[in-house]
Amino acid sequence: MDIQKSVHQAVEKIYGQTIDPSLVQLQKTKKEFTGHLTLVVFPLLKISKKNPEQTALEIGDYLKANEPAIADFNVIKGFLNLCISSSYWVNVLTDIHKTAGFGTQKAENNSPLVMIEYSSPNTNKPLHLGHVRNNLLGFSLAEIMKANGYNVVKTNIVNDRGIHICKSMLAWKKWGNGATPESTGKKGDHLIGDFYVLFDKEYKKELQELQDKGLSKEDAENQSSLMSEAREMLRQWEAGNQETVALWEKMNSWVYAGFDETYKALGVDFDKVYYESQTYLEGKEKVLEGLEKGVFYKKEDGSVWADLTADGLDNKLLLRADGTSVYMTQDIGTAKLRFDDYPINKMVYVVGNEQNYHFQVLSLLLDKLGFEFGKGLVHFSYGMVELPEGKMKSREGTVVDADDLVAEMVDTARETSNELGKLDGCSEGEAQKVSQIVGLGALKYFILKVDPRKNMVFNPKESIDFNGNTGPFIQYTYARIQSVLRKAAEQGIVLPEVPASALQLNEKEENLIQMMAEFPAIVKEAADTFSPAVIANYIYELVKEYNQFYHDYSILREENKDTKEFRLILSENVGKIIKTGFGLLGIDVPDRM
RNA sequence: GCCUCUGUAGUUCAAUGGAUAGAACGGAAGUUUCCUAAACUUUAGAUUCGGGUUCGAUUCCCGGCGGAGGUACCA
């Protein structure tokens with residue numbers, strides 16, 4: 001803000017020396033005090049060599065005399081509260097009003113390219129609540145980076161190979177009787193997930209039987225015929241056995257169809273999808289290359305390791321003695337393919353915090369292997385989602401399925417809306433659309449408003465509460481603004497420009513404009529801190545401020561034409577910012593609800 | 001054991017080192033001749049403990065206690 005600059009200059013002029021701009025700490029004035037911006041003078045005392053009150057007075061006097069935007073000031077202890085003139089706020093509003101896409105900037109061809117990996121599912125089970133947080137964060141982050149002028153590529157790495165999918169395949173082969181999504185009416189990912197669970201159940205049964213015969217747990221695991229069949233299947237797959245590969249392809253295609261439905265329901269998408277079945281061999285090559293260059297070393301048993309003790313970490317396995325890949329190897333391969341495909345400047349991995357160590361290691365390894373983006377890669381690490389009853393456990397059946405959750409949110413939105421009579425006069429199609437926007441808005445907002453780093457508790461009942469700091473409350477405000485604007489149009493009011501700057505604003509109007517003016521800085525902060533929560537909480541504050549304003553002043557009934565138009569423009573711009581802000585969170589806003 | 005993250009009202013979340021720690025839900029009390037009451041207004045209620053740095057610490061540093069995660073051939 002240019003006020004920051006003029007305060008900085010004022011201080012330099014008064015005390016006749018250049019100072020570090022960081023000493024000028026301007027912040028929003030707290031509600032209990034009069035003023036808009038507050039200068040904290042404590043850091044300046046060394047320069048002024050006077051007590052806090054005197055210093056603040058001197059600066060205040062100077063600013064009032066020399067900076068037209070400063071209308072008045074007051075001093076309380078070491079705080080200089082500045083009052084900005086109404087005409088300044090009117091100009092700010094004019095700017096906001098005129099600026100298309102206020103708060104966002106477009107990427108140029110030569111803007112930095114950010115690749116964001118998120119979602120990254122396994123193909124042996126459907127998506128659950130944890131994936132929902134991942135998907136929402138990843139998608140929102142991509143939108144926020146775009147709004148800050150980056151070129152963004154959203155990517156997904158699908159873990160489509162390995163022992164887990166073989167378990168599902170084996171169970172299907174043994175007990176499936178040729179079941180398909182069509183024959184059972186189940187979504188493909190759920191069908192495969194059911195077979196995975198079935199395998200686990202049968203495997204446990206077999207282990208128990210073996211243990212009953214007197215074997216130790218370890219011996220039972222080694223002698224399990226089911227597990228060795230699954231392993232055999234994996235070997236056949238790696239050897240390219242036609243029948244196995246065909247089955248694998250068929251089952252994966254079912255799963256992908258299921259995932260696509262879930263992604264669509266959540267409103268997320270990808271620009272480029274990678275599959276581990278295509279990348280894991282690349283990683284092996286890259287590791288062998290590193291071995292030749294002496295970056296890695298080989299043990300007597302033939303396994304390949306990276307020595308990271310110099311970086312304060314341990315030794316890390318990269319290839320097993322039998323030459324097969326581990327997780328880390330695959331990530332190296334994926335990184336290579338990606339870099340071949342795109343000129344990546346920054347790589348962001350949206351992955352849960354249980355993998356913090358993994359990404360610390362990956363960053364070092366990529367750097368050692370010569371990837372430019374390796375050192376600066378961002379592991380966007382987020383906390384786990386817990387339920388009020390505790391952690392989700394698949395064994396105890398307490399996992400919240402993503403599809404069920406979305407359906408439940410939409411249903412509840414529908415019910416609540418019906419009860420309140422909000423859907424009266426809507427066609428079935430409209431009613432369904434509104435319920436979807438509101439139900440998903442509730443879910444998305446509930447998850448995104450929390451600081452990503454923190455573990456969070458997801459309470460289905462509370463998330464669906466439409467009061468308070470929730471998505472629907474904000475959507476509702478937006479819908480109401482649209483209603484006000486419709487009514488205004490019916491009365492023949494058109495809104496061309498912000499009216500004369502001679503308007504005398506009241507305190508609530510000034511507050512509202514000040515909040516709106518902060519929006520671009522908030523979008524920037526969200527990108528810097530990788531936190532959609534910053535935007536979510538800001539939008540909520542703005543809406544609360546607007547609601548108070550709305551409550552205290554009649555917008556359409558005002559006699560004075562100028563004032564009426566001005567308040568309509570205020571409403572319109574609040575609506576504009578809500579829409580943009582929610583867009584960055586991947587949340588829709590309805591015109592009516 | 002070691003490493004990382006985390007600890008704020010009854011609950012779920014806020015607070016670039018700044019003023020009297022903000023909201024929401026839940027609790028208590030109110031508001032509808034009014035543009036969408038999914039709203040608004042009152043009200044009670046919190047920084048895990050002990051040191052340190054600082055004019056000033058929820059925030060930074062050290063230690064204790066509590067919670068979560070990781071810990072080398074699972075992804």
Side-chain angles (χ1 to χ4, degrees), chain A residues 22 25 27 29-33 38 40-43 45 52 76-79 81 120 122 124 159 161-164 276 301 303-306 308 312-322 324-331 352-358 360-361 381 383-384 386 388 391 413 416-417 419-422 438 446 449-451 453-459 461-463 465-470 472-477 479-488 491 525 528-529 533-534 536-537 540-541 544 547-548 550-558 567-568 571 592-593:
Chain A
S22 70
Q25 292 181 26
Q27 52 196 258
T29 303
K30 294 224 170 195
K31 276 213 171 98
E32 315 85 89
F33 304 99
T38 295
V40 184
V41 297
F42 290 109
L45 299 184
I76 296 169
K77 291 193 264 179
F79 299 91
N81 300 321
S120 313
N122 288 356
N124 62 326
N159 183 16
R161 64 162 285 279
I163 191 74
H164 49 85
E276 284 195 354
D301 64 0
S303 57
V304 178
W305 295 72
L308 300 174
L313 300 174
D314 290 326
N315 287 292
K316 181 78 194 171
L317 175 80
L318 296 174
L319 286 176
R320 297 189 184 97
D322 63 4
T324 55
S325 304
V326 294
Y327 180 35
M328 190 61 76
T329 327
Q330 297 177 15
D331 262 350
N353 64 8
E354 72 270 18
Q355 296 192 28
N356 284 352
Y357 183 73
H358 174 82
Q360 220 179 324
V361 173
S381 158
M384 321 202 86
E386 289 167 26
K391 276 196 70 177
T416 312
S417 304
E419 276 169 30
L420 293 163
K422 297 284 177 188
V438 173
F446 191 89
K449 75 174 176 183
V450 181
D451 184 337
R453 283 169 305 189
K454 290 189 173 175
N455 286 3
M456 65 175 290
V457 175
F458 179 80
N459 186 333
K461 277 185 198 136
E462 265 181 42
S463 70
D465 190 340
F466 297 155
N467 286 315
N469 189 357
T470 65
F473 171 53
I474 293 167
Q475 290 172 319
Y476 169 63
T477 303
R480 222 170 36 177
I481 287 172
Q482 300 315 306
S483 169
V484 167
L485 294 174
R486 272 196 303 274
K487 293 245 154 83
Q491 291 179 22
E525 190 189 338
D528 290 347
T529 58
V534 173
N537 286 299
Y540 174 62
E541 290 298 322
K544 257 198 337 187
N547 274 325
Q548 280 178 20
Y550 182 87
H551 184 253
D552 286 4
Y553 297 98
S554 157
I555 291 170
L556 285 173
R557 275 156 217 274
E558 179 68 49
R567 290 190 179 145
L568 281 167
S571 295
R592 298 165 201 264
M593 62 188 282

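This structure is a prediction, so every number in the text was calculated from the model and none was measured. Numbered from 1 within each chain, the chains take letters A, B, ... in sequence-line order.
- Nucleotide G22(B) forms a Watson-Crick or G-U wobble pair with C13(B), both donor-acceptor distances falling under 3.5 Å.
- Of the candidates U20(B), A72(B), U16(B), the closest approach to any side-chain atom of K77(A) belongs to U20(B).
- Taking side-chain N and O atoms only, K487(A) has a distance below 4.0 Å to OP1 or OP2 of U36(B).
- Searching all strands for a Watson-Crick or G-U wobble partner of U47(B) with both distances below 3.5 Å returns nothing.
- What you find for A321(A) and D301(A) is that their closest heavy atoms are CB-O, 3.3 Å.
- Looking at heavy-atom distances under 4.0 Å, T324(A) makes no contact with the nucleic acid at all.
- Between K422(A) and U36(B) there is no side-chain polar atom (N or O) within less than 4.0 angstrom of OP1 or OP2.
- When heavy atoms are screened at a 4.0 angstrom cut-off, N159(A) is found touching the sugar-phosphate backbone but no base atom.
- Atom-to-atom, CZ of F446(A) to P of A23(B) comes out at 20 Å; the value is rounded to the nearest Å.
- F473(A) comes within contact range of the sugar-phosphate backbone alone, with a heavy-atom separation under 4.0 Å but no base atom that close.
- The base of A38(B) is not paired with the side chain of T477(A) by any donor and acceptor separated by under 3.5 Å.
- Atom pair Q25(A):CD and G17(B):P shows a separation of 10 Å (rounding to whole Å applied).
- The OH-C1' distance, from Y540(A) to A14(B), rounds to 11 Å in whole Å.
- Using a 4.0 Å heavy-atom distance criterion, Y553(A) is classed as a base contact.
- Nearest-nucleotide mapping onto RNA chain B: of M456(A) and E525(A), the residue sitting toward the 5' end is M456(A).
- Contacts of N122(A) with the nucleic acid, taken as non-hydrogen atoms under 4.0 Å apart, involve only primed sugar atoms and P, OP1 or OP2.
- Per the geometry, CD belonging to E386(A) stands 7 Å off C1' belonging to A68(B), to the nearest Å.
- Contact annotation for S381(A): no contact, since no heavy-atom pair falls under 4.0 Å across all strands.
- D451(A) comes within 4.0 angstrom of sugar-phosphate atoms only, judged by non-hydrogen atoms across all strands, and of no base.
- With a 3.5 Å ceiling on both atom-pair distances, U8(B) lacks any Watson-Crick or G-U wobble partner.
- Taking every side-chain heavy atom of Y327(A) into account, A75(B) is the closest of A75(B), G69(B), A19(B).
- A close approach under 4.0 Å does not occur between any side-chain nitrogen or oxygen of S483(A) and OP1 or OP2 of C35(B).
- Put simply, F42(A) rests on the base of G18(B): the two rings are less than 5.5 Å apart at their centres and nearly parallel, under 30°.
- U32(B): glycosidic angle within 90° of 0, hence syn.
- Side-chain atoms of V484(A) lie closest to U36(B) of the nucleotides U36(B), A72(B), U20(B).
- Across all strands shown, D331(A) has no heavy atoms under 4.0 Å from either base or sugar-phosphate atoms.
- Side-chain N/O atoms of K30(A) include one lying less than 4.0 angstrom from OP1 or OP2 on A19(B).
- Residue K454(A) places at least one side-chain N or O under 4.0 Å from the OP1 or OP2 atom of A14(B).
- In this structure, R557(A) places its CZ atom 13 Å from C1' of U36(B), rounding to the nearest Å.
- A72(B) has no base stacking with the ring of W305(A) when judged by centroids under 5.5 angstrom apart and an interplanar angle below 30°.
- Across every strand in view, U54(B) sits unpaired, with no contact that passes the Watson-Crick or G-U test at under 3.5 angstrom.
- Between the side chain of T470(A) and the base of A38(B), no donor-acceptor pair of N or O atoms lies under 3.5 Å.
- Considering every non-hydrogen atom in both L485(A) and L568(A), the closest pair reads CD2-O, 4.0 Å.
- Relative ring orientation between Y327(A) and H358(A) is described as parallel, the plane-to-plane angle staying below 30° on a 0-90° scale split at 30° and 60°.
- In this structure, the CG atom of N353(A) is 18 Å from the P atom of C3(B), given to the nearest Å.
- The K544(A) side chain lies nearest to A23(B) when the options are U4(B), A38(B), A23(B).
- For S554(A), the side-chain atoms get nearest to C35(B) when compared with the rest of C35(B), A37(B), G18(B).
- As judged by a 4.0 angstrom heavy-atom cut-off over every strand, V450(A) is placed among residues touching the sugar-phosphate backbone only.
- The N81(A) side chain lies nearest to A19(B) when the options are C35(B), U36(B), A19(B).
- Look at Q548(A) and you'll find a side-chain N or O under 4.0 angstrom from OP1 or OP2 of U41(B).
- The nearest whole Å value for the distance from the CG atom in D552(A) to the P atom in U32(B) is 16 Å.
- Counting non-hydrogen atoms under 4.0 angstrom, E541(A) reaches nothing in the nucleic acid.
- Closest to the L317(A) side chain, of the nucleotides U36(B), A72(B), G18(B), is A72(B).
- Across all strands shown, A28(B) forms a Watson-Crick or G-U wobble pair, both distances under 3.5 Å, with U42(B).
- Among the nucleotides A68(B), U12(B), A72(B), the one closest to the side chain of V457(A) is U12(B).
- One can place CZ of F79(A) at 15 Å from P of G17(B), the figure rounded to the nearest angstrom.
- The two residues M593(A) and K422(A) make their nearest non-hydrogen contact at O-CD, 3.8 Å.
- A 3.5 Å limit on both hydrogen-bonding distances identifies G70(B) as the Watson-Crick or G-U partner of C2(B).
- Position along RNA chain B of the nearest nucleotide to E276(A) versus A479(A) favours A479(A) as the more 5'-ward residue.
- In plain terms, the two heavy atoms of W305(A) and L317(A) that are nearest each other are CE3-N, 3.5 Å.
- Among the protein residues, Y357(A) comes within range of the sugar-phosphate backbone only, with heavy atoms under 4.0 Å from sugar or phosphate atoms but none that close to a base.
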